[in-house]
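These notes are about the structure you will find just below.
Just so you know, these numbers use all the heavy atoms, side chains as well, and skip hydrogens, waters and symmetry mates. Small disclaimer: the values here were computed from a predicted structure and weren't measured.
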Amino acid sequence: MTVFKLAFPRVNYSGVGAIEALTERLIESHGSEKGLLISDPALVSLGFAEKILNSGLNIDLFDDVRPNPDTNTVNQAYSKYVEVGAQFIIGFGGGSSIDTAKAVKILSANEGPIAAFNGIEKVKHAGAPLYAINSTAGTAAEVTSNAVITDTKTHVKHVIISDKIIPDISVNDPSIMLDIPSSVTAATGIDALTHAVESYVSVGAHALTDYVSLEAISAISQNLPLVVDNGKNIEAREKVALGQFIAGLSFNSAGLGMVHAMAHPAGAHKDLPHGVCNAILLPIVCEYNRSHRVEKFAKVAKALGVDTSDMSEEQASEAAISALHELNRRVGIPSGFGQLGVSEEDTLSWVPDALADPCAGGNPYPMPKEDIIDIYRQAL
Ligand SMILES: [Zn+2]
């Protein structure tokens with residue numbers, strides 16, 4: 001018997017008004033202490049940062065986070081944290097802002113550089129309190145113990161995994177998600193679906209997370225097309241946000257697999273959106289893994305809304321793969337990396353990083369180098 005560890009934030013606020021619930025609580029607990037708000041320029045220009053800056057909290061702003069955050073950005077954000085004398089951190093955004101905030105939390109109590117914490121449980125001291133407000137419905141960075149930071153020099157993505165960087169409080173407020181462009185909604189939504197599917201079939205899966213993964217697959221696949229068609233559909237937004245949150249609870253403990261291991265180098269070397277890379281790879285890697293998890297993929301098909309009542313388990317598992325392809329098409333995901341300017345030579349250079357990625361260990365079947373090359377070729 002192996003011991004299964006379930007790890008998640010102490011408190012979560014979900015629903016319209018969740019940001020205000022957080023700021024009220026922080027005013028009570030931090031009083032006049034200085035906090036650093038870490039966000040990105042787009043979110044600030046949309047006016048959402050005002051909700052925190054004008055809440056009565058004593059806050060300074062660092063808003064220079066870009067997609068696929070790198071070690072330079074982390075160092076700049078940490079310098080600001082020290083310069084203003086901050087004692088707590090709020091990460092506000094998608095995965096990029098929250099991951100940067102997690103990295104600053106690490107540096108607040110541990111000697112850098114941030115690259116030294118690459119890997120599993122390398123963080124010694126927990127550091128400053130961290131509150132994470134999710135502005136997209138995808139990465140579940142507000143739930144998880146992961147931070148992915150690209151090395152400015154080597155372009156390798158450092159994947160830092162530690163319980164000590166799970167946010168103390170997480171927030172999912174769909175009212176700030178209404179203006180997300182449909183292409184971003186689609187990519188982040190399929191990222192969340194990938195978390196649910198990969199955690200469900202992972203070698204680290206457990207009965208505790210299996211229920212949650214299937215529920216996430218169902219909530220995301222039913223509601224994502226509605227939100228892509230109409231971004232203002234707040235009920236469907238809330239359901240996708242819930243689905244991505246519980247998918248985060250699940251994969252944070254059960255782990256991921258080769259979709260993520262192969263998507264990380266694509267994001268790091270070509271600066272491609274994480275969700276799009278996952279979406280392209282998801283059906284292809286699932287087809288590869290299918291024969292090792294036929295029973296589970298049959299249940300994935302059902303959760304994706306396929307009527308499997310007249311199908312054998314084998315047929316239902318195949319139907320899951322078709323449904324994943326169809327969902328990609330329905331929400332407008334590019335059909336392959338070739339459309340994004342990637343060549344076969346590019347993908348060959350990603351193979352060593354994919355093999356070394358910490359997510360690779362969660363795949364139901366260890367994928368040898370030749371098969372990685374072949375799957376990248378199919379994904380072109
Ligand atoms: Zn992901």
| Residues Ser97 and Ser39: side-chain donor-acceptor under 3.5 angstrom | no
| task | Could you tell me whether Lys299 sits above the aromatic face of Tyr200, with NZ or CZ closer than 6.0 angstrom to the six-membered ring centre and within 45 degrees of the axis? | result | no
| query | Does a side chain donor of either Asp374 or Gln378 reach within less than 3.5 Å of an acceptor in the other side chain? | reply | yes
| said: Closer than 3.5 angstrom, by distance alone: can the side chain of Asn252 be matched with the main-chain N or O of Ala7 as a donor-acceptor pair? | reply: yes
| Is it the case that more than 12 heavy atoms not belonging to Tyr211 sit under 6.0 Å from its OH atom? | no
| query | Would you say the side chain of Ser96 lies within less than 4.5 Å of the side chain of Pro69, judging by non-hydrogen atoms? | reply | yes
| query | How close do Glu313 and Glu295 get, heavy atom to heavy atom, and via which atoms? | reply | OE2-CG, 3.4 Å
| said: Check Arg66 with Asp40, please: is the shortest side-chain N to carboxylate O separation under 4.0 Å? | reply: no
| query | Does one hydrophobic cluster hold both Val285 and Leu340, with members joined at side-chain heavy-atom distances below 4.5 Å? | reply | yes
| request: Answer yes or no: is there a donor N or O on one side and an acceptor on the other, between the side chain of Glu198 and the main chain of Val259, under 3.5 Å? | output: yes
| Can you tell me if NZ on Lys157 sees more than 12 non-hydrogen neighbours from other groups inside 6.0 Å? | yes
| Hey, are Ser322 and Glu326 close enough side-chain-wise for a donor-acceptor pair under 3.5 Å? | no
| query | Does atom CD of Glu345 have more than 12 heavy-atom neighbours from other groups under 6.0 Å away? | reply | no
| message | Please tell me whether Leu53 and Phe48 are part of a single hydrophobic cluster in this structure, the criterion being side-chain heavy atoms less than 4.5 Å apart. | response | yes
| task | Evaluate whether atom CD of Glu20 has more than 12 neighbouring non-hydrogen atoms of other residues, nucleotides or ligands under 6.0 angstrom away. | result | yes
| query | Side chain of Asn233, backbone of Ala236: donor and acceptor closer than 3.5 Å? | reply | yes
| remark: Of all heavy-atom pairs linking Ser250 and Ser199, the shortest is OG-OG, 3.4 Å
| said: Treating Asn110 as the side-chain partner and His125 as the backbone partner, does any N or O pair qualify as donor plus acceptor under 3.5 Å? | reply: yes
| Is any side-chain heavy atom of Thr188 less than 4.5 Å from a side-chain heavy atom of Thr139? | no
| Would you say Val143 and Tyr13 are hydrophobically clustered, going by side-chain heavy atoms of ILVMFWY under 4.5 Å? | no
| Which heavy atom of Asn12 sits nearest a heavy atom of Ser170, and at what distance? | ND2-OG, 2.8 Å
| message | Lys296 vs Asp210, test: salt bridge (Lys or Arg N to Asp or Glu O under 4.0 Å). Steps then yes/no. | response | CA-CA 10 Å; Lys296 281 200 157 181; Asp210 281 354; 3.1 Å; yes
| Would you find more than 12 non-hydrogen atoms of other residues, nucleotides or ligands less than 6.0 Å from Tyr365 atom OH? | no
| What pair of heavy atoms forms the shortest contact from Gly35 to Ala86, and how long is it? | C-CB, 4.2 Å
| query | Is there a donor in the side chain of Glu142 and an acceptor in the side chain of Asn172, or the other way round, less than 3.5 Å apart? | reply | yes
| For residues 236-257, which residue pairs qualify under ring pair (Phe, Tyr, Trp, His ring centres under 6.0 Å), counting only residues two or more places apart or in two chains? | His195-Phe251
| said: Leu6 vs Leu208, test: side chain to side chain contact (heavy atoms under 4.5 Å, CB included). Steps then yes/no. | reply: CA-CA 9 Å; Leu6 201 58; Leu208 271 169; 4.3 Å; yes
| Do Asn278 and His260 get their side chains close enough for a donor-acceptor pair, meaning under 3.5 Å? | yes
| said: Between Arg290 and Glu287, does any NZ, NE, NH1 or NH2 come within less than 4.0 Å of an OD or OE carboxylate oxygen? | reply: yes
| task | Could you verify whether a donor N or O on one side chain and an acceptor N or O on the other, from Ser335 and Arg329, lie under 3.5 Å apart? | result | no
| message | Checking Thr73 against Thr100: is there a side-chain donor and acceptor pair closer than 3.5 Å? | response | no
| request: Without swapping roles, check the side chain of Thr152 against the backbone of Asn72 for a donor-acceptor pair under 3.5 Å. | output: yes
| task | Answer yes if the side chains of His30 and Gln87 hold a donor-acceptor pair under 3.5 Å, and no otherwise. | result | no
| message | Quiz question: by atom type and distance under 3.5 Å, do the side chains of Thr194 and Asp191 form a donor-acceptor pair? | response | no
| said: Within the structure provided, determine whether Ser253 and Phe4 are in side-chain contact (heavy-atom separation under 4.5 Å). | reply: yes
| request: Check the pair His155, Asp70 against side chain to side chain contact (heavy atoms under 4.5 Å, CB included), reporting the backbone distance first and the verdict last. | output: CA-CA 9 Å; His155 296 285; Asp70 59 21; over 6 Å; no
| request: Kindly give the heavy-atom pair with the smallest separation between Ala115 and His158, and that separation in Å. | output: CB-NE2, 3.5 Å
| Side chains of His264 and Asp357: is there a donor and an acceptor less than 3.5 Å apart? | yes
| Are Asp371 and Arg377 ion-paired here, with the side-chain N under 4.0 Å from a carboxylate O? | no
| message | Quick one, Ile161 with Val159, criterion side chain to side chain contact (heavy atoms under 4.5 Å, CB included). Give me CA distance, side-chain angles, the key distance, then yes/no. | response | CA-CA 6 Å; Ile161 303 173; Val159 182; 4.0 Å; yes
| remark: So NZ of Lys302 and CG of Asp307: to nearest 0.5 Å the spacing works out to 9.0 Å
| Does a donor on one side chain sit under 3.5 Å from an acceptor on the other, for Asn68 and Thr150? | no
| Are Val342 and Ile190 connected in the hydrophobic side-chain network, where two residues link if heavy atoms are under 4.5 Å apart? | yes
| message | Within the 4.5 Å heavy-atom criterion, are Val74 and Leu107 side-chain neighbours or not? | response | yes
| task | Just do the side chain to side chain donor-acceptor pair (under 3.5 Å) check on Asp346 and Ser349 with the steps written out, would you? | result | CA-CA 5 Å; Asp346 292 327; Ser349 72; 5.3 Å; no
| task | Please report the closest heavy-atom contact between Ala298 and Thr308, naming both atoms and the distance. | result | O-CG2, 4.3 Å
| query | Taking side chain as C-beta onward, heavy atoms only, is Glu83 less than 4.5 Å from Asp60? | reply | no
| query | Is Val240 reachable from Val184 through a run of hydrophobic residues whose side-chain heavy atoms are each under 4.5 Å from the next? | reply | no
| query | Looking at Thr185, Asp173, Asn223, which hits side chain to side chain donor-acceptor pair (under 3.5 Å) with Arg237? | reply | Thr185
| Do Lys80 and Leu36 come close enough that some side-chain heavy atom pair is under 4.5 Å? | yes
| message | Run Val212 and His206 through side chain to side chain contact (heavy atoms under 4.5 Å, CB included) and show every step you take. | response | CA-CA 10 Å; Val212 179; His206 186 276; over 6 Å; no
| query | Are side-chain heavy atoms of Ile59 and Phe88 found at a separation under 4.5 Å? | reply | yes
| request: For Lys105 and Ile165, indicate whether the former's side chain and the latter's backbone hold a donor-acceptor pair under 3.5 Å. | output: no
| field | Check: Lys102 and Ile98 side chains under 4.5 Å, non-hydrogen atoms | value | yes
| How far does CD1 of Ile375 sit from CE of Met258, to the nearest 0.5 angstrom? | 7.5 Å
| request: State whether the side chain of Thr209 and the backbone N or O of Ala205 hold a donor-acceptor pair below 3.5 Å, judged by distance alone. | output: no
| Within the side chain of Glu24, is there an N or O that forms a donor-acceptor pair under 3.5 Å with the backbone of Ala21? | no
| field | Backbone of Ile52 reached by a side-chain donor or acceptor of Thr23 within 3.5 Å | value | no
